[in-house]
Undergrad: 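What follows is a structure written as structure tokens; I'll ask about it next.
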2 protein chains.
Amino acid sequence: MKAKLKYFIEVKGEYYNCPIELTLSMISGKWKGIILWHLIGNDTLRFNELEKAIPSISQRMLTKELREMEKHGFIYRKVYPQVPPKVEYSLSDLGRSVIPIIKSLSEWGSNYAQNCGKIYIKE
Amino acid sequence: MKAKLKYFIEVKGEYYNCPIELTLSMISGKWKGIILWHLIGNDTLRFNELEKAIPSISQRMLTKELREMEKHGFIYRKVYPQVPPKVEYSLSDLGRSVIPIIKSLSEWGSNYAQNCGKIYIKE
DNA sequence: CCGCATCCTCCTGGATACTG
DNA sequence: CAGTATCCAGGAGGATGCGG
């Protein structure tokens, strides 16, 4: 055992026991991983396009997760005031700073899935 | 947009929409991050030592998280049949394979905390 | 020392319906 | 097209007490 210094972290009114917990809380949520993944690969995406890219997500959850990511400062939301509405989402600098993490999560998961799981294709 | 190939992953009866979600599910849980962190730095740790290293965790949660990580194959649990009991936990090869991820989570979180949060020391 | 068993609360996320 | 609003079920996680 090294130092026994105990501390906690406070960010925007939330409390964390360690930086790992903090980071995980920012990218956790059932759909944030895959949403980030699509935004990494696509520069900007409309609400509609994200829905199509993630067929099993509901409108409610897509909205909810996007709002949280916006609050975290991970993404920008650009609204075009027109009818029908058009809204574009894109990564901020902070969002881009987690790309390496998301990629390593993705790679680790892919390896693990190939060794210990099964992959099913949907038609 | 690239390929529109849709799929899902099945591992041990659980289903995931993408490898990122899969990986996150393995390391998510309020205390797994900090438990892994301590096991990374200490080779083997007794139940007791983990409790002291993570003052705010309850016995129930420590047991619960350790059981899940054992089920995931991340850690070994070695029981010494003696009175009073002695149990040692250590990382498996699979557990060690996530060290780079945990470290990058930790680094990102530390940076973020320093820029956007506050760190409080407990006595 | 290292747990397990109960009970309880809150939060996440799903289903469904409605709107500017 | 891009959302709200409501309702609801299940599970995560906390508090407490007992046991080999």
Side-chain angles (χ1 to χ4, degrees), chain A residues 1 8 13-18 20-21 24-35 38-39 44-72 75-90, chain B residues 1 8 12-18 20-22 24-35 38-39 44-72 75-90:
Chain A
M1 297 289 299
F8 59 95
E14 306 289 329
Y15 295 87
Y16 309 91
N17 295 292
C18 70
I20 304 172
E21 184 189 347
L24 283 176
S25 79
M26 306 277 288
I27 57 180
S28 282
K30 185 161 181 193
W31 305 97
K32 289 206 183 65
I34 196 166
I35 292 174
H38 285 292
L39 287 175
T44 75
L45 282 176
R46 299 181 59 171
F47 187 90
N48 195 17
E49 294 174 315
L50 280 166
E51 258 191 298
K52 281 180 206 147
I54 313 171
S56 39
I57 199 173
S58 68
Q59 283 189 327
R60 182 182 111 91
M61 285 312 295
L62 182 52
T63 306
K64 205 158 158 285
E65 300 280 50
L66 287 170
R67 288 292 174 282
E68 285 176 26
M69 293 162 71
E70 194 188 358
K71 192 181 234 171
H72 289 158
I75 59 173
Y76 293 128
R77 178 168 181 267
K78 183 169 183 184
V79 181
Y80 295 83
Q82 60 182 46
V83 180
K86 173 178 171 183
V87 180
E88 280 182 348
Y89 294 93
S90 57
Chain B
M1 297 289 300
F8 59 95
K12 300 180 184 174
E14 305 291 328
Y15 296 86
Y16 308 92
N17 296 292
C18 71
I20 304 172
E21 184 189 346
L22 164 60
L24 283 176
S25 79
M26 305 278 287
I27 57 180
S28 284
K30 183 162 180 190
W31 307 95
K32 289 204 184 66
I34 195 166
I35 293 174
H38 286 291
L39 286 174
T44 75
L45 282 176
R46 297 182 59 173
F47 186 89
N48 198 13
E49 294 174 317
L50 280 166
E51 257 192 300
K52 281 180 208 148
I54 312 171
S56 40
I57 197 172
S58 68
Q59 283 189 328
R60 182 182 112 90
M61 284 313 294
L62 182 53
T63 307
K64 206 160 156 283
E65 300 279 51
L66 286 170
R67 289 292 173 282
E68 284 175 25
M69 293 162 72
E70 195 189 357
K71 192 182 231 171
H72 289 157
I75 59 174
Y76 293 128
R77 178 169 182 266
K78 183 169 183 185
V79 182
Y80 295 82
Q82 62 184 43
V83 180
K86 174 178 169 182
V87 182
E88 281 182 349
Y89 295 91
S90 57

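Chain identifiers are assigned alphabetically (A, B, ...) following the order of the sequence lines, protein sequences preceding nucleic acid strands; residue numbering begins at 1 within each chain.
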Undergrad: Report for the helix from C/dC1-D/dG20 to C/dG20-D/dC1: angle between first-end and last-end helix axes, five pairs each, rounded to 10 degrees.
TA: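 Its terminal axes enclose an angle near 50°.
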
Undergrad: To the nearest angstrom, how far is A/L62 atom CG from C/dT12 atom C1'?
TA: 16 Å

Undergrad: Rounding to a whole Å, what distance do you find between B/K30:NZ and D/dG14:C1'?
TA: 8 Å

Undergrad: Quick one: does B/I35's side chain get under 4.5 Å of B/Y89's, heavy atoms only?
TA: no

Undergrad: Using whole Å, report how far CD of B/E70 lies from P of C/dC2.
TA: 15 Å

Undergrad: How do A/G29 and A/P85 order along DNA chain C: which one's closest nucleotide is nearer the 5' end?
TA: A/G29

Undergrad: Does a side-chain heavy-atom distance below 4.5 Å link A/W31 with A/S56?
TA: yes

Undergrad: I need the OH-C1' distance between B/Y80 and D/dG20, as an integer number of Å.
TA: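 Answer to the nearest Å: 20 Å.
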
Undergrad: Looking at NZ of B/K12 and NE2 of B/H72, how far apart are the two atoms once the value is rounded to the nearest 0.5 Å?
TA: 7.0 Å

Undergrad: In this structure, how many angstroms lie between the P atom of C/dG13 and the CH2 atom of A/W31, rounded?
TA: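 Going from A/W31 (CH2) to C/dG13 (P), I get 10 Å.
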
Undergrad: Output the distance between atom OG1 (B/T44) and atom NZ (B/K78), rounded to the nearest 0.5 Å.
TA: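 That separation rounds to 9.0 Å.
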
Undergrad: For A/E65 and D/dG3, what is the distance between atoms CD and C1' respectively, to the nearest whole Å?
TA: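 Nearest whole value for this atom pair: 16 Å.
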
Undergrad: With rounding to the nearest 0.5 Å, note down the distance linking OG1 in A/T63 to CD1 in A/I57.
TA: 8.5 Å

Undergrad: Enumerate all atom pairs, one protein N or O and one N or O from nucleotides 4-6 of chain C, separated by less than 3.5 Å.
TA:
from: C/dC4; atom 1: OP1; to: B/R67; atom 2: NE; distance (Å): 3.4
from: C/dC4; atom 1: OP1; to: B/R67; atom 2: NH2; distance (Å): 3.2

Undergrad: Check every strand shown and say whether A/Y89 touches a base, only sugar-phosphate, or nothing at a heavy-atom separation below 4.0 Å.
TA: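 Contact class for A/Y89: sugar-phosphate only.
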
Undergrad: Is any side-chain N or O of B/R46 closer than 4.0 Å to OP1 or OP2 of C/dC1?
TA: no

Undergrad: About how many Å separate CZ of A/R77 and CD of A/E88, when rounded to the nearest 0.5 Å?
TA: 12.0 Å

Undergrad: With sequence neighbours left out, what residues match B/K30 under side chain to side chain contact (heavy atoms under 4.5 Å, CB included)?
TA: A/N17, A/E21

Undergrad: Is the side chain of B/K32 donor-acceptor paired with the backbone N or O of B/S28 at a distance under 3.5 Å, no angle test?
TA: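 Such a contact is found between B/K32 side chain and B/S28 backbone.
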
Undergrad: As an exercise, state the distance from CD of A/E65 to CD1 of A/I54, rounded to the nearest 0.5 Å.
TA: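 Between atom CD of A/E65 and atom CD1 of A/I54 there are 9.5 Å.
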
Undergrad: Measure from CG on B/L24 to P on D/dA12 and round the result to the nearest Å.
TA: 15 Å

Undergrad: What integer distance in Å separates B/Y15:OH from C/dG14:P?
TA: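 Nearest whole value for this atom pair: 16 Å.
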
